[in-house]
Number of protein chains: 4
Amino acid sequence: MEYSFQITYFCTVDKREQIILAAMKLLCEKGVQATPMSAIAKAANTGMGTIYNYFPTKEALINGIYLHIKTAEILVMDTALDETKSLKLRFFHFYTAFVHYYLKYPYSFAFMDQFHSSPVILEETREAGKANFLPVIELLTDGQKQGLIKEMELESLLQFLSGTINTFVRWLQTKPAKQREVLLKQQLRMVWDAIKE
Amino acid sequence: MEYSFQITYFCTVDKREQIILAAMKLLCEKGVQATPMSAIAKAANTGMGTIYNYFPTKEALINGIYLHIKTAEILVMDTALDETKSLKLRFFHFYTAFVHYYLKYPYSFAFMDQFHSSPVILEETREAGKANFLPVIELLTDGQKQGLIKEMELESLLQFLSGTINTFVRWLQTKPAKQREVLLKQQLRMVWDAIKE
Amino acid sequence: MEYSFQITYFCTVDKREQIILAAMKLLCEKGVQATPMSAIAKAANTGMGTIYNYFPTKEALINGIYLHIKTAEILVMDTALDETKSLKLRFFHFYTAFVHYYLKYPYSFAFMDQFHSSPVILEETREAGKANFLPVIELLTDGQKQGLIKEMELESLLQFLSGTINTFVRWLQTKPAKQREVLLKQQLRMVWDAIKE
Amino acid sequence: MEYSFQITYFCTVDKREQIILAAMKLLCEKGVQATPMSAIAKAANTGMGTIYNYFPTKEALINGIYLHIKTAEILVMDTALDETKSLKLRFFHFYTAFVHYYLKYPYSFAFMDQFHSSPVILEETREAGKANFLPVIELLTDGQKQGLIKEMELESLLQFLSGTINTFVRWLQTKPAKQREVLLKQQLRMVWDAIKE
DNA sequence: AATGAATGAGACTTCATTCAT
DNA sequence: GATGAATGAAGTCTCATTCAT
């Protein structure tokens, strides 16, 4: 009885997320053209029409997934930035949190890896996803003011960092879990050396 | 007669590249699902059937483009690595050559950016593209032996470098040409600081 | 209390007609395939399920509208035929009443215009709609007996008349209201000349 | 050999007409919603995609059929109007030709009957179909100038005539062929009496 | 070798209908 | 009785691929 209640609850409340998760998995594994909406419906345990109650088109679904991930990223960063710590430590926390987040949700990472520069993602959607960077921007400008971080264009720094994170995570996924912390330390050293004054 | 020969020559010899270039452009701008073979044929000024004389399927064409780009990359690197120069200079040359190459062929870059982690690219194709890295590997191991470059896993260094290049070029494309050399210098400084001992 | 009663009254008693009127409008303006049941429900201010309490299928709804209009036509004709007047006058009254009725309810007219020969209307429904013609038949046979109307097959006369009415009304709708009475007189003259002995 | 050539000729040249004829038949018999494009393709002996080489949408196909019929009507009328005959005779010839045409092509007639006032037919298409009326207009104005035909708005006359033709043909189709000429004479008498001065 | 009309499998999407609330 | 989210069968349409020219 208890169990059947759980099921009902899950089905009615979280249908949208069910769909997003199922679609994300399939899109990562097979690619856009190889995952028909019917397959997503089956994987999400819904009727095909139900998906269209939440997303008007397949493209809208993909953009929806993009935003879903970007929104989740924000939460990670907010918790990672503890203002009482030293700047270098805060930077390491932030970088580590990001890496851990993507290691924990490999489909989110794989999805972003595949779609971040795909024409399927609308400019509008991309813009909406940029809010996340605000706390990092603050961190970096603080660092520059304190003379700890190189005096260069902020955007340049941001691009550099996000590029290193993506490539690093993709590579880390191929490594056994027990080596990862060591490799992360090496990476942090390289990245910090790169941006520090 | 002369004229008709020219036409024939043009059609038979260059048709494969015509197709690749037209397809690359469309795939970058519209995405896979939004560029039918008929559109590629029209853009390449050929019949649809002609494409199938060179590539057995659409997927094969996409993988063909991938290899076409990877092959061109090799040439860049070979010319960039002049063994008489100092190691740091050779590194700078290599990095600069790569950046310039992608700035010069933005569709090649956009294509790799979009497809490098797409399931459409077969594992087999990916393997074939890895040969390019050999000269860089040599450069980095040399550096490590000479105590100039951090003693860490080679693959780790490679991943780090390719990640920084991709993100950097993507960002550089949004900047006016006259600023680019300055920004490249900043980037080189960051990257070298990151990997140097 | 009063208020809530009103609401209830409105909802239960008139719901069927609400639905018929909303559906008629939409079907005329958009056509069958372009008016989903959901659109009808919205226009009728009901839930989609409510429609199915009154009509088992969409086809049944369309046939229901057909009969609704045919039933209303009867009322018009009954009042138009005052047996104390001369036969010509009675004919004019009947024809005029019909024209006025359709001018007053343009959606009824447009609906019949569109569906009178559509395969969606079942033969059964068509039969049920034919009762209306009885008073007209009587009028015409009377006229033939009195030597006022041409001696020809009754059905032939009926078809002729209904054809002229439909086309005339469709055309009259495009004319400003103030011209209509003059045009109706012209039409009556033509029609009467056509059928009179 | 000869025969097989004929077949080939038929298939390549007339594919568009094949489709129109098959579609017209099905649409008349089943209605729009009950005739899927797949059924039309099967009836026309083509692949479904072939239809879309000639008509971009189902709606365009229906509009195409409308124009196809309207175009055929013109031919009928041109041959029917022999300027050396008396005006009354010319009118009878025109009316008779029209009736015979629709009796000969019952699907053309049934199609027009069902779609002439359907929202599926675009205003644009309707306009294009109006050219046909020119010869008839000429005939009627001639008649008015000669004092043979009632002095009333031309459009009024046209609407009246087309209304009578449609209804008459629809009814005639239910009659055995041998009675038709007699009934046509009755009809001509009624119509002429209606419009003559 | 080059072509592109023809093809039909299969994609996306709609919508009549149901049923739990 | 009223509702509308959920459903999936079935529709329209696309497009990779073929093959006769």
Side-chain angles (χ1 to χ4, degrees), chain A residues 8 11-12 15-16 19 32-42 44-61, chain B residues 7-8 11-13 15 19 32-42 44-61, chain C residues 7-8 11-13 15 32-42 44-61, chain D residues 8 11-12 15-16 32-42 44-61:
Chain A
T8 306
C11 287
T12 47
K15 199 139 271 202
R16 192 176 184 277
I19 292 166
V32 185
Q33 1 116 52
T35 83
M37 292 298 263
S38 58
I40 295 174
K42 192 179 286 179
N45 252 328
T46 62
M48 216 156 47
T50 306
I51 299 180
Y52 285 87
N53 285 341
Y54 293 95
F55 305 96
T57 62
K58 191 185 189 184
E59 196 182 85
L61 168 57
Chain B
I7 288 293
T8 307
C11 285
T12 47
V13 173
K15 203 136 267 202
I19 293 166
V32 186
Q33 3 120 54
T35 81
M37 294 297 264
S38 59
I40 296 173
K42 189 180 286 179
N45 255 328
T46 62
M48 221 153 47
T50 307
I51 299 181
Y52 285 87
N53 286 338
Y54 294 97
F55 304 96
T57 65
K58 190 185 188 184
E59 196 180 84
L61 168 57
Chain C
I7 288 294
T8 307
C11 287
T12 48
V13 174
K15 204 136 266 201
V32 185
Q33 3 119 52
T35 82
M37 291 297 264
S38 59
I40 295 173
K42 190 180 285 178
N45 256 326
T46 63
M48 223 153 44
T50 307
I51 299 181
Y52 285 87
N53 286 338
Y54 294 97
F55 304 96
T57 65
K58 191 186 189 185
E59 197 182 82
L61 169 57
Chain D
T8 306
C11 286
T12 47
K15 201 141 268 205
R16 194 176 183 274
V32 184
Q33 359 118 53
T35 82
M37 292 299 261
S38 58
I40 295 174
K42 190 178 288 179
N45 253 326
T46 62
M48 211 157 50
T50 306
I51 300 181
Y52 285 88
N53 285 342
Y54 292 95
F55 304 95
T57 63
K58 191 185 188 184
E59 196 182 84
L61 169 58

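Lettering follows sequence order; numbering is per chain, from 1.
Computed from coordinates, the C:Lys58 NZ to E:dT18 P distance equals 15 Å when rounded to whole Å. As rounded to whole Å, 15 Å separates atom C1' of E:dA11 from atom CD of A:Glu59. As rounded to whole Å, 16 Å separates atom P of F:dG8 from atom CD1 of A:Ile40. The distance between atom OH of C:Tyr52 and atom P of E:dC15, rounded to the nearest whole Å, is 12 Å. For the pair D:Phe55 CZ and E:dA5 P, the computed distance is 16 Å after rounding to whole Å. For the pair B:Asn53 CG and F:dT17 C1', the interatomic distance rounds to 12 Å; values are reported in whole Å. Across the protein-nucleic acid pair, D:Asn45 atom CG and E:dA6 atom P stand 14 Å apart, rounded to whole Å. We find that CG of B:Leu61 is positioned 16 Å from P of F:dC15, with the value rounded to whole Å.
Nucleotide F:dG11 has E:dC12 as its partner under the Watson-Crick or G-U criteria, with both atom distances under 3.5 Å. Pairing of E:dA1, defined by two Watson-Crick or G-U wobble distances under 3.5 Å, is not identified with any nucleotide. A 3.5 Å limit on both hydrogen-bonding distances identifies F:dT3 as the Watson-Crick or G-U partner of E:dA20.
Distances shorter than 4.0 Å separate none of the side-chain N or O atoms of C:Thr46 from OP1 or OP2 on F:dA2. At F:dT7, one or more side-chain N or O atoms of A:Lys15 fall inside 4.0 Å of OP1 or OP2 (strictly under the cut-off). OP1 and OP2 of E:dA5 both lie 4.0 Å or more from every side-chain N or O belonging to D:Tyr54.
Take the nearest nucleotide of DNA chain F for B:Thr57 and for C:Ile51: the residue whose nucleotide is more 5' is C:Ile51. Mapping D:Pro36 and B:Gln33 onto DNA chain F by nearest heavy atom places D:Pro36 at the nucleotide closer to the 5' end. A residue-by-residue look at D:Thr50 and C:Met48 shows that D:Thr50 has its nearest nucleotide of DNA chain E further toward the 5' end.
Proximity of B:Asn53 to B:Lys15: side-chain heavy atoms (C-beta onward) are nowhere separated by under 4.5 Å. In this structure the side chain of C:Val32 never reaches within 4.5 angstrom of the side chain of D:Val32, judged on heavy atoms.
Here the shortest heavy-atom pairing between D:Ser38 and D:Met48 reads CA-SD, 3.4 Å. Closest heavy-atom contact between A:Ile51 and A:Met37: CG2-CE, 3.7 Å. When every heavy atom of A:Tyr54 is checked against every heavy atom of A:Ile19, the shortest pair comes out as CD1-CD1, 3.9 Å.
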